[in-house]
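As the structure is a computational prediction, the values presented were derived from the model and not from experiment.
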Amino acid sequence: MNIFADFHARIATILGRFAAAGRLPQDLDLSRFVVEPPREAALGDLAVNAAMVFAKEAKASFGSPRVFAAELAIALADDPDVAQAEVAGPGFINIRLKPHIFPAVLRAALAAGAKFGASPQGRGGRAQKINVEYVSANPTGPMHVGHGRGAVFGDALASLLEFAGHEVTREYYINDAGAQVDALARSAHMRYREALGENIGAIPEGLYPGDYLAPVGRALAAKFGRGLLDRPESEWLELVRVATIEAMMDMIRADLAALNITHEVFFSERSLTRGEGGDRVAQAIDYLREKDLVYVGRLPPPKGQLPDDWEDRDQTLFRSTQFGDDVDRPLLKSDGGYTYFASDIAYHKVKIDGGFDTLIDVWGADHGGYVKRMDAAVKALSAGKVALDVKLCQLVKLMRAGEPVKMSKRSGDFVTLREVVDEVGVDAVRFMMLFRKNDAPLEFDLAKVIDQSKDNAVFYVQYAHARARSVLRQALAAFPGLDISAAALAAASLDLLVDEGELSLVKMLAQFPRVVESAGFAHEPHRIAFYLHELASLFHAQWNRGKDAHDLRFVNENKRDLTCARLALILCLSTVLATGLGVLGVSAPDEMR
RNA sequence: GGCCCCGUAGCUCAGCCGGAUAGAGCAACUGCCUUCUAAGCAGUAGGUCACAGGUUCGAAUCCUGUCGGGGUCGCCA
């Protein structure tokens, strides 16, 4: 039950009646107006901006927005669930609902249980098939904290979209085709020689010095013995590369698993040209060529400072400027190989051919300059039918008690994601990374996130859940044998919930479906985290009121009916907290002693 | 120099497909522990929403420009 969506539909019906009577155009875009909580709770339960949004269309028949709003308000007053509908400000309609609606919301929520808030169809009435590609870290070493942010963000976004009613595929693109993985293989080969007793000295510039490759070297030694020692690189490179990438991906998968992240699809860049589908990059380029979107030409040099090695020459280019990019983009390197962009075009074509309505790519902010060309490519490949949304995740600044943690990348000595997860736990890492908009920089304080205080948002929200579960336990102690199942509590006299604090909790719970819907629509999981924090705050506040006013305590030994009504609220609250935390991939503990 | 992101309270940040008097947490100040967990709560104070124009009945939100911070800039991934 989503009272906001519900009333949006009811108001749309009224507008339809006006349209039928010729007082409004027939083709109004009804998605333009919103039903939302009023800015201040004192104004009512719902606020509608329809009269202002459609002011232009209504001008001929109604005159000013306020007059239009007044007519709408009169129509709304006939609704059996509306206690009062009044016009305010420039043309808002503030609706106060009859008291019986709130018990109804609670009952619906209790009946829905963990499904409360899940919209069966997604916004706009249509479930989509959505591909979320995230992490996609190069398989050249362990993940660092920055990768972790994209990983957690992408994973939570995928869960959110699933919960909002969409069909979601979680995908990881393995960049296993470039020169970097050759360098990786050479580095592993040195470790292999080292494992066989050779003194390899310092790892040369350009190779990967991290000692995480030492075990890979030992594994190679175990597998190949001395067989790779006296052969030219051309003979061992492929073997070593395959084994090393496999080892790196195992390590990355393990790091992700430590964050409770699993992907359904791991897509190898290499497979685009060497897989069963033939050279799919060539096919994608041909596809664009048929549409006359590929040509050979010269690119203007970048303005400002010229690169040292700039050489004006013909290139094979994709006409990305036709789709909003700033310059056309090269598809072939000077050595004839495909550019990374060409591979990425082919990869996105594979995803488009997979029948997705929406593609979401989660990238680091340093790839921001790449968005326009990818967007252009997806437009060209799908004839504008598939939406691409690139979500850029900003940097993570790792702190400890207010002091920056040094993250030297020299000699491969940097703080890995795994170290952070092991130190502070999955819940803290996930929640804190989601308690910030993805495109805002994030300060992650290792000391603060394990602090058990309200400064720590993870703890604050989890504690609210534990506290709610504690109330249910207390109730059982006070009323032995009490049935605290959702079904039993839904049958309680919920109209006994009249305290202002209780009602504001109910109203906040009623907003959950709306928050899920809008967060899913905007691809912004952080909205769930902020909502949960706000919900927890209302609960802690109400709890504390019971300190002075004992009759406000949730469990009252002398008033069984009232207690049951309040337990219904508590159960619903704990369910929403658990559901919301679940969407974020954060646990909801029953106690936190 | 081109392009992208950001600029909101002392600090960290929400709010942004236009909507009512711009919110929260921290820090500051004032209160509240014989407790259903004080691991908390209530209250006070704190703002030229970087700046200047524009569109609009209405702009923190949209557009243009300026300033400041970050990123990025033909063959890397």
Side-chain angles (χ1 to χ4, degrees), chain A residues 31-32 34 36 38-40 43 47 49 52-53 55-56 64-66 88-92 94 136-138 140 173 175-181 269 298-305 307 309-313 315 317 325-341 343-344 364-372 392 394-395 435-437 439-443 445 448 451-457 459-460 463 466-467 470-471 473-475 477-478 521-522 526-527 529-530 533-534 537 540-548 550 553-557 563 591-593:
Chain A
S31 68
R32 281 164 60 202
V34 295
E36 58 190 351
R39 186 162 287 290
E40 287 185 47
L43 295 171
N49 66 354
M52 293 179 294
V53 169
K56 215 175 270 178
S64 77
R66 283 194 61 99
F92 283 99
N94 290 325
S136 299
N138 293 339
T140 53
Y173 183 54
N175 299 136
D176 55 0
Q180 288 188 12
V181 288
E269 180 185 356
R298 287 181 185 223
L299 234 36
K303 300 207 168 108
Q305 207 165 10
D309 55 350
W310 176 264
E311 173 198 352
D312 193 23
R313 58 173 180 78
Q315 297 188 97
L317 299 165
D325 199 1
D326 306 308
V327 288
D328 293 333
R329 304 292 178 177
L331 298 171
L332 298 180
K333 299 193 280 193
S334 55
D335 66 4
Y338 300 122
T339 59
Y340 181 75
F341 180 49
S343 297
D344 227 352
D366 55 342
H367 288 62
Y370 203 76
V371 174
K372 280 188 182 181
L392 299 177
Q394 270 291 349
L395 303 175
F435 201 54
R436 187 110 318 168
K437 225 172 15 178
D439 53 6
L442 172 71
E443 269 188 24
D445 197 307
K448 268 188 198 157
D451 196 19
Q452 299 212 336
S453 77
K454 68 170 183 173
D455 302 5
N456 177 4
F459 170 76
Y460 188 78
Y463 181 46
R467 182 171 257 182
S470 162
V471 172
R473 289 193 295 271
Q474 297 288 343
F521 183 74
H526 76 273
R527 297 192 194 196
F530 279 94
H533 192 258
E534 207 172 333
S537 166
H540 288 311
Q542 184 64 9
W543 170 283
N544 216 59
R545 277 185 204 110
K547 203 167 297 299
D548 297 328
H550 283 230
R553 297 187 176 192
F554 295 107
V555 176
N556 186 327
E557 288 87 344
T563 299
E591 52 182 357
M592 300 184 76
R593 285 178 194 281

Check: Taking the same atom, C1', in B:C6 and in B:G15, what whole-Å distance lies between them?
Finding: 16 Å
Check: P atom, B:U66 versus B:C4: distance in rounded Å?
Finding: 13 Å
Next item on the list: Please work out which of the three classes, parallel, tilted or perpendicular, describes the rings of A:His367 and A:Tyr370, given edges at 30° and 60°.
Entry: perpendicular
Check: Can you find a side-chain donor-acceptor pair between A:Asn175 and A:Gln180 that sits under 3.5 Å?
Finding: no
Checklist line | Separation of atom CG in A:Asn544 from atom P in B:C41, rounded to whole Å | finding: 7 Å
Margin query: From C-beta outward on A:Phe521, which listed nucleotide comes closest to its side chain: B:A20, B:C17, B:C5?
Written below: B:C17
Next item on the list: Report which part of the nucleic acid A:Ala365 touches: base, sugar-phosphate, or nothing (heavy-atom distance under 4.0 Å, all strands).
Entry: sugar-phosphate
Next item on the list: Choose from B:C41, B:C75, B:A20 the nucleotide whose nearest atom is closest to any side-chain atom of A:Ala541.
Entry: B:C41
Checklist line | Aromatic ring of A:Trp543 stacked on base six-ring of B:G40, 5.5 Å, 30° | finding: no
Check: Side chain of A:Arg467: nearest nucleotide among B:A42, B:U37, B:C4?
Finding: B:U37
Next item on the list: Using a cut-off of strictly less than 4.0 Å, decide whether A:Tyr460 has a side-chain nitrogen or oxygen near OP1 or OP2 of B:C41.
Entry: yes
Next item on the list: For B:U64 versus B:U21, give the span between their P atoms, rounded off to a whole number of Å.
Entry: 28 Å
Check: Hey, does A:Glu269 reach any base, or is it just sugar-phosphate, or nothing, if we go heavy atoms under 4.0 Å?
Finding: sugar-phosphate
Notebook entry, point to check: Given the P atoms of B:A24 and B:U44, what is the spacing between them in whole Å?
Noted result: 10 Å
Check: Tell me, which stems hold RNA chain B, with a stem being 3 or more Watson-Crick or G-U pairs in a row and both distances under 3.5 Å?
Finding: B:1-7 with B:67-73, B:10-13 with B:23-26, B:28-32 with B:40-44, B:50-54 with B:62-66
Item checked: Syn/anti state of B:C16 by chi, 90° boundary around 0 -> anti
Checklist line | A:Pro330 side chain, from C-beta outward: closest of B:A39, B:G74, B:C75 | finding: B:G74
Checklist line | P atoms of B:A22 and B:U61, separation to the nearest Å | finding: 14 Å
Item checked: Distance, rounded to the nearest Å, where A:Tyr338 contributes OH and B:C76 contributes C1' -> 19 Å
Note to self: Between B:A52 and B:C13, how many Å separate the two P atoms, rounded to a whole number?
What the structure shows: 25 Å
Checklist line | Rounded distance (Å) that lies between atom P of B:A59 and atom CE of A:Met52 | finding: 13 Å
Check: Which parts of nucleotides 7-16 of chain B does protein reach within less than 4.0 Å, heavy atoms only, written one letter per nucleotide 5' to 3' as B for base, S for sugar-phosphate only and - for none?
Finding: -----SSSSB
Item checked: side chain to side chain contact (heavy atoms under 4.5 Å, CB included) involving A:Asn49 - partner list, sequence neighbours excluded -> A:Phe33, A:Val34, A:Met52, A:Val53, A:Phe92
Next item on the list: Just compare B:U37, B:C3, B:A77 and give me whichever is closest to any side-chain atom of A:Tyr463.
Entry: B:U37
Next item on the list: Among B:G74, B:G40, B:A39, find the nucleotide with the atom closest to the side chain of A:Gln315.
Entry: B:G74
Notebook entry, point to check: Would you say the base of B:A77 and the side-chain of A:Asp344 have a donor-acceptor pair closer than 3.5 Å?
Noted result: no
Item checked: Among B:A39, B:C5, B:C76, the nucleotide that comes nearest once only the side chain of A:Met592 is considered -> B:A39
Next item on the list: Send over the distance from A:Glu591 CD to B:U37 C1', rounded to a whole Å.
Entry: 11 Å
Next item on the list: Measure from CG on A:Asn456 to P on B:A39 and round the result to the nearest Å.
Entry: 15 Å
Notebook entry, point to check: Given B:A77, B:U37, B:G74, which nucleotide is nearest the side-chain atoms of A:Gln474?
Noted result: B:U37
Notebook entry, point to check: Considering only the C1' atoms, how many Å lie between B:C63 and B:C17, rounded to the nearest integer?
Noted result: 15 Å
Item checked: C1'-based separation of B:C16 from B:G58 [nearest Å] -> 16 Å
